[in-house]
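This chain uses plain numbering: 1 for the first residue, then up along the sequence.
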Amino acid sequence: MLFYTQLPLNRHSQERKDSNWLLHKQTSNSRWVLVKNNQSLFKKDQPELVFLNYEQVRNLPLWDAIFLGAMENSGYFAIDVSEVADDVLETYTEQHEFKDIRSYGMVVDMALGSIASLSRGLCHWHATHRFCGRCGSKNKLIEAGHARLCTNDACKHMTFPRTDPAVIMLVTHVFPDGVERCLMGRQAAWPEGVYSTLAGFVDPGESLEQAVIREVEEEAGVQVQEVEYVASQSWPFPSSIMLGFFAKTNNPEIYVDKDELDDAKWFSRKDLNDFSEWDHQEPGYKLTRKDSISRYLVETWRNQGE
């Protein structure tokens, strides 16, 4: 099961436009998530996302509150407190701390991890879209945080949250020795030994399948066929959705583009059994984090050989 994709909330797309309905949700049995500089509030040294009640957050900038959805008669909201003074936040950080959701990986409950990632993604979008892209005037939050409106009366351009599509693919080939291997690459900035499936953003004017073919050839010089969609994963780090594919090639020769990758290699299922985890300190090959769709594609392929 893919992490960050198990959101349990009803988004109430129509109801959230009603200010009276929204106010009732805010003040009645509501649960609040705080986000600071793309980090969520967790219990100290524990992978447990902190939910606050209305009384605990009423002195924070609620005019910028983002409605996430509702579940079991509770409305869920997020507030970006990146610009709130540290002395004000001391009340919340005495027993809690702001942490990147990914630092806990799959230890966090699947549903709560999805709520944290949604909060982070929407807060990041608001922080990076403060001004109108058409006229440069200030934008304001509307529709419970799911849109922004230009404050220039002559413009009034409305903007909605953006998600950048990226393809991620596991390429395979059956070699003359009869062993099927998968293509994995690494970037120089990654921890030593970490290899992942290839990935890249979708260009305007191309299909997802075309993006898979182009990215693999650009990064590793390998031409692929039989592109097959597998699964997708929300990836708000900061604002993507990862679209996972399998693909095959008839020519396994690799020509690495050093502007794209530091290295690329073919690995068998047996090879993968000797990989350690990405955060292990010992030398050798390492897999990507367990919360990533890259890991999901690798494990799915590896299990097909059992």
Identify whether the distance between the nearest side-chain nitrogen and carboxylate oxygen of [X] and [Y] falls below 4.0 Å.
| X | Y | value |
| --- | --- | --- |
| Lys36 | Asp86 | yes |
| Glu217 | Arg214 | no |
| Arg16 | Glu143 | no |
| Glu218 | Lys258 | no |
| Lys286 | Glu277 | no |

**Prompt:** Under the 6.0 Å and 45° cation-pi test, does Arg181 pair with Phe175?
**Reply:**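 Satisfied, under 6.0 Å and within 45°.
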**Message:** Do Arg269 and Trp301 form a cation-pi contact, if we require the NZ or CZ to be under 6.0 Å from the six-membered ring centre and within 45 degrees of the ring's axis?
**Reply:**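 Yes, cation above the ring, under 6.0 Å and within 45°.
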Would [X] and [Y] count as having a side-chain donor-acceptor pair, cut-off 3.5 Å?
| X | Y | value |
| --- | --- | --- |
| Arg302 | Asn273 | yes |
| Thr249 | Asn251 | no |
| Asp263 | Tyr195 | yes |
| Asp274 | Tyr285 | no |

Give a yes or no answer on whether the side chain of [X] reaches the backbone of [Y] with a donor-acceptor pair at less than 3.5 Å.
| X | Y | result |
| --- | --- | --- |
| Gln46 | Lys43 | no |
| Ser82 | Asn37 | yes |
| Asn139 | Phe131 | yes |
| Glu219 | Val216 | no |
| Gln95 | Lys44 | no |
| Ser103 | Asp100 | yes |
| Gln233 | Thr5 | no |
| His126 | Gly145 | yes |
| Arg289 | Arg102 | yes |
| His96 | Leu49 | no |

If you round to the nearest 0.5 Å, how far is [atom2] of [Y] from [atom1] of [X]?
| X | Y | atom1 | atom2 | value |
| --- | --- | --- | --- | --- |
| Ser292 | Ile168 | OG | CD1 | 6.5 Å |
| Leu170 | Phe245 | CG | CZ | 13.0 Å |
| Leu149 | Met158 | CG | CE | 5.5 Å |
| Leu297 | Thr197 | CG | OG1 | 5.5 Å |
| Trp235 | Ser240 | CH2 | OG | 9.5 Å |
| Leu2 | Tyr296 | CG | OH | 5.5 Å |

Minimum heavy-atom separation for [X] and [Y], please, with both atom names.
| X | Y | value |
| --- | --- | --- |
| Arg295 | Lys290 | NH1-CG, 3.5 Å |
| Glu83 | Arg130 | OE2-NH2, 2.7 Å |
| Val33 | Ser119 | CG1-OG, 3.9 Å |
| Ala264 | Ile254 | O-CD1, 3.7 Å |
| Gly205 | Gln210 | O-OE1, 4.3 Å |
| Gly193 | Arg186 | N-NH1, 3.4 Å |

**Message:** Using the ring centroid of each side chain, check whether Tyr54 and Phe77 are separated by less than 6.0 Å.
**Reply:**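 Here the rings of Phe77 and Tyr54 have centres that are no less than 6.0 Å from each other.
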**Request:** Indicate, with yes or no, if the rings of Tyr229 and Phe246 have centres closer together than 6.0 Å.
**Result:**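 No - the distance between ring centres of Tyr229 and Phe246 does not fall below the 6.0 Å cut-off.
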**Request:** Evaluate the side-chain proximity of Glu97 to Asp45: yes if any heavy-atom separation is below 4.5 Å, no if none is.
**Result:**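 Answer yes - side chains close enough.
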**Asked** Any side-chain heavy atom of Leu198 within less than 4.5 Å of one from Leu261?
**Response**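 Contact flag for Leu198/Leu261 side chains = yes.
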**Item:** Stepwise side chain to side chain donor-acceptor pair (under 3.5 Å) check, Trp32 with Gln26
**Value:** CA-CA 9 Å; Trp32 297 75; Gln26 286 185 354; over 6 Å; no
**Prompt:** Are Ile142 and Phe160 grouped together when hydrophobic residues (ILVMFWY) are joined by side-chain heavy atoms under 4.5 angstrom apart?
**Reply:**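 Looking at the clustering, Phe160 is in the same group as Ile142.
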**Request:** Count the heavy atoms belonging to other residues, nucleotides or ligands that lie under 6.0 Å from CD of Glu192, then report whether that count exceeds 12.
**Result:**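 Counting neighbours around CD of Glu192, 12 or fewer heavy atoms of other residues, nucleotides or ligands fall under 6.0 Å, so no.
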**Item:** Arg31/Tyr76 under side chain to side chain donor-acceptor pair (under 3.5 Å): CA gap, chis, key distance, verdict
**Value:** CA-CA 5 Å; Arg31 307 188 76 189; Tyr76 286 71; 2.9 Å; yes
**Prompt:** So which pairs with a foot in residues 66-75 pass side chain to side chain donor-acceptor pair (under 3.5 Å), sequence neighbours left out?
**Reply:**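 Those involving residues 66-75 are Asn29-Ser74.
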**Request:** Take Thr288 and Ser196 through the side chain to side chain donor-acceptor pair (under 3.5 Å) test and state the conclusion after the steps.
**Result:** CA-CA 6 Å; Thr288 51; Ser196 175; 4.6 Å; no
